[in-house]
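First the structure, in the form of structure tokens, and then the observations on it.
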Amino acid sequence: MDFFEKAVLELQKQRPIFHSEDDLKLSLALKIKEQNPDFEIRLERPIELEMIIRTGGTKIVRAPIDIIVIDENGGIYPIELKYKTKKASISYNEEKYILAEQGATDTGRFSFRKDIFRIENFKSKNLNFKCGYVLIVTNDKSYFEKNVFEKDNLDKHFSFHDGMLLNRSDLSWNYNKLDKTKFILKENNILYDNNSKIHWTCNSDYFYKLDLLKDYQITWKDFSKFEKDNFKYCLIKIEV
């Protein structure tokens with residue numbers, strides 16, 4: 001068990017629920033530092049990444065990595081986090097947690113794959129890279145139980161339900177699912193509606209091609225359990 005897996009397991013015991021993704025980020029960073037006092041921690045460190053556009057070409061994007069850990073030998077460990085919630089009101093240790101209904105699981109699935117891509121991209125450009133991680137914690141069972149691939153949803157190729165193999169090849173959004181009387185595919189494979197408005201999946205943030213360096217086996221584990229809500233987590237490790 002490495003330092004990050006150890007920190008996640010210890011955090012489960014002390015903080016089984018969080019107010020927000022920032023709350024999770026800070027709590028995890030503090031736990032890593034507590035267990036590894038010689039490590040340096042950076043939050044939201046901006047880096048430049050080369051993103052691939054589906055119509056061809058590349059785009060340099062400046063974006064932050066949630067947590068970067070630097071060990072005593074200068075080794076670098078980038079970490080990306082997601083905290084996706086369903087509406088809930090939970091009391092724990094005399095503290096009230098009011099969680100929002102985030103929804104938008106289609107973009108959530110895309111963003112999870114994008115986080116893996118970003119860590120792989122970071123790895124290829126940093127000689128001191130040792131290992132990277134992508135962690136998602138959620139009480140929304142749509143992520144870990146719902147097989148959107150079998151349901152032929154728009155986001156079927158971005159599903160990462162429990163037990164699946166996340167394919168290295170990005171097969172894009174499932175445009176076959178859309179009503180062809182309302183949408184048309186024009187030049188450069190960009191989708192428009194009848195009012196000549198670009199479909200939201202063709203906007204920049206969701207129009208990247210996210211081919212990965214390898215396949216990833218998806219496993220969801222219990223994070224915490226409450227009376228009406230169960231939180232699970234999925235941890236992806238990106239190695240050298």
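On a predicted model such as this, the values are computed, not experimentally measured, just so you know.
- Listed by chain and number, the residues in a side chain to side chain donor-acceptor pair (under 3.5 Å) with Ser89 are Lys96 (sequence neighbours excluded).
- Annotation: salt bridge (charged side-chain N to carboxylate O under 4.0 Å, His left out) contacts of Lys114 (sequence neighbours excluded): none.
- Here the side chains of Thr201 and Asp155 are not in contact, with every heavy-atom distance at 4.5 Å or above.
- With no hydrogens or angles considered, no side-chain donor-acceptor pair links Asp23 and Tyr97 at under 3.5 Å.
- Looking at Ile70 and Tyr77, their side chains never come closer than 4.5 Å, going by heavy atoms from C-beta outward.
- When atom types are taken as modelled, the side chain of Asp71 and the backbone of Asn73 share a donor-acceptor pair closer than 3.5 angstrom.
- Here the NZ-CG distance, from Lys209 to Asp170, works out to 5.0 Å after rounding to the nearest 0.5 Å.
- Under a hydrophobic-cluster definition in which Ile, Leu, Val, Met, Phe, Trp and Tyr are linked whenever side-chain heavy atoms come within less than 4.5 Å, directly or via other members, Ile53 and Ile190 are assigned to the same cluster.
- Under the salt bridge (charged side-chain N to carboxylate O under 4.0 Å, His left out) criterion, Lys86 pairs with Glu101, sequence neighbours left out.
- Cys131 places a side-chain heavy atom less than 4.5 Å from the side chain of Lys237.
- In terms of hydrophobic clustering, with Ile, Leu, Val, Met, Phe, Trp and Tyr side chains grouped at heavy-atom distances under 4.5 Å, Ile198 and Leu178 are assigned to different clusters.
- Arg113 approaches Asn167 most closely through the heavy-atom pair NH2-O, 2.9 Å.
- Residues Phe112 and Trp200 share a single hydrophobic cluster, defined by chaining ILVMFWY side chains whose heavy atoms lie under 4.5 Å apart.
- Under the 4.5 Å side-chain criterion, counting only non-hydrogen atoms from C-beta, Phe122 is in contact with Ile68.
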#### Entry: Audit row: Ile65, Ile79, side-chain contact (heavy atoms from CB on, under 4.5 Å) steps and yes/no
CA-CA 7 Å; Ile65 296 291; Ile79 301 163; 5.7 Å; no
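- Scanning both residues, Ser159 and Arg109, for their nearest heavy atoms gives CA-CD, 3.9 Å.
- With Tyr83 contributing its side chain and Phe18 its backbone, the two residues share a donor-acceptor pair below 3.5 Å.
- One distance of note links NE2 of His19 with CD1 of Ile90; it measures 11.0 Å at 0.5 Å rounding.
- At least one side-chain heavy atom of Thr105 sits less than 4.5 Å from a side-chain heavy atom of Asp140.
- Looking only at distances, no side-chain donor or acceptor of Thr58 sits under 3.5 Å from a matching main-chain atom of Met51.
- In this structure a side-chain-to-backbone donor-acceptor pair under 3.5 Å is missing from Asn153 to Lys156.
- Between Lys82 and Leu135, the closest side-chain pair of non-hydrogen atoms is not below 4.5 Å.
- Considering only heavy atoms from C-beta on, Asn121 stays 4.5 Å or farther from Ile119 through its side chain.
- Ser172 contributes atom OG, which lies 9.5 Å from atom CG of Leu210 (distance to the nearest 0.5 angstrom).
- Residues meeting the ring pair (Phe, Tyr, Trp, His ring centres under 6.0 Å) test with Phe110, sequence neighbours left out: Phe158, Trp173, Tyr206.
- A distance-only check finds no donor-acceptor pair linking the side chain of Glu120 to the backbone of Leu212 [under 3.5 Å].
- Checked by atom type and distance alone, the side chain of Lys123 pairs as donor or acceptor with a backbone atom of Glu239 at under 3.5 Å.
- Taking the side-chain contact (heavy atoms from CB on, under 4.5 Å) definition, one finds that Asn176 meets it with Asn174, Lys180, sequence neighbours left out.
- Note that CG of Leu28 and OH of Tyr133 are 11.0 Å apart. Values are rounded to the nearest 0.5 Å.
- Applying the ring-ring contact (aromatic ring centres under 6.0 Å, His included) rule to pairs touching residues 32-72 yields Phe3-Phe39, sequence neighbours excluded.
- Every residue meeting the side chain to side chain donor-acceptor pair (under 3.5 Å) condition with Glu40, not counting sequence neighbours, appears here in chain and number order: Arg42.
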Pairs under 3.5 angstrom only: tabulate donor-acceptor contacts from the side chains of residues 226-234 to other protein residues two or more places apart or in another chain.
from, atom 1, to, atom 2, distance (Å)
Asp229, OD1, Asn139, ND2, 3.0
Lys232, NZ, Asp222, OD1, 2.6

#### Entry: Derivation of the side-chain contact (heavy atoms from CB on, under 4.5 Å) call for Ile116 and Tyr216
CA-CA 10 Å; Ile116 299 174; Tyr216 290 92; 3.7 Å; yes
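- Looking at residues two or more places apart in sequence or on another chain, you find a side-chain contact (heavy atoms from CB on, under 4.5 Å) between Lys25 and Asp22, Leu43, Glu44, Asp66, Ile67, Leu81.
- When every heavy atom of Gly75 is checked against every heavy atom of Lys130, the shortest pair comes out as CA-CG, 3.6 Å.
- Of the possible donor and acceptor atoms, none in the side chain of Glu145 sits under 3.5 Å from a partner among the backbone N and O of Ser142.
- Side-chain atoms of Ser27 do not come within 3.5 Å of backbone N or O of Leu24 as any donor-acceptor pair.
- When the shell of 6.0 Å around NZ of Lys125 is examined, it contains more than 12 heavy atoms from other residues, nucleotides or ligands.
- Annotation: the span from Lys59 atom NZ to Leu49 atom CG amounts to 12.5 Å, rounded to 0.5 Å.
- Between Phe183 and His199, a ring centre-to-centre spacing shorter than 6.0 Å is recorded.
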### Message
Between Ile41 and Val69, does the side-chain contact (heavy atoms from CB on, under 4.5 Å) criterion hold? Intermediate values first, please.
### Response
CA-CA 5 Å; Ile41 309 291; Val69 177; 3.8 Å; yes
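- In this view, Arg118 and Glu80, Asp115 satisfy the salt bridge (charged side-chain N to carboxylate O under 4.0 Å, His left out) rule, not counting sequence neighbours.
- A side-chain N or O of Lys31 and one of Gln14 form a donor-acceptor pair less than 3.5 Å apart.
- Of all heavy-atom pairs spanning Cys202 and Phe207, the tightest one is CA-CD1, 3.5 Å.
- Glu50 meets the side chain to side chain donor-acceptor pair (under 3.5 Å) test with no other residue; sequence neighbours excluded.
- Evaluation of the side chain to side chain donor-acceptor pair (under 3.5 Å) rule for Lys33 yields no partner, not counting sequence neighbours.
- Note: Met164 CE to Asp215 CG = 9.0 Å, rounded to the nearest 0.5 Å.
- Of all heavy-atom pairs between Ser224 and Pro16, the closest is OG-O, 2.6 Å.
- With hydrogens and angles disregarded, a donor-acceptor distance shorter than 3.5 Å links the side chain of Asp2 to the backbone of Phe4.
- In terms of heavy-atom proximity, Ile136 sits nearest to Lys84 at CD1-CG, 4.0 Å.
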### Task
Quick one: do Tyr143 and Trp220 satisfy ring pair (Phe, Tyr, Trp, His ring centres under 6.0 Å)? Show the steps, please.
CA-CA 10 Å; Tyr143 285 104; Trp220 286 87; 7.0 Å; no
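- Using a 4.5 Å heavy-atom threshold, the side chains of Ile52 and Asp211 count as separate.
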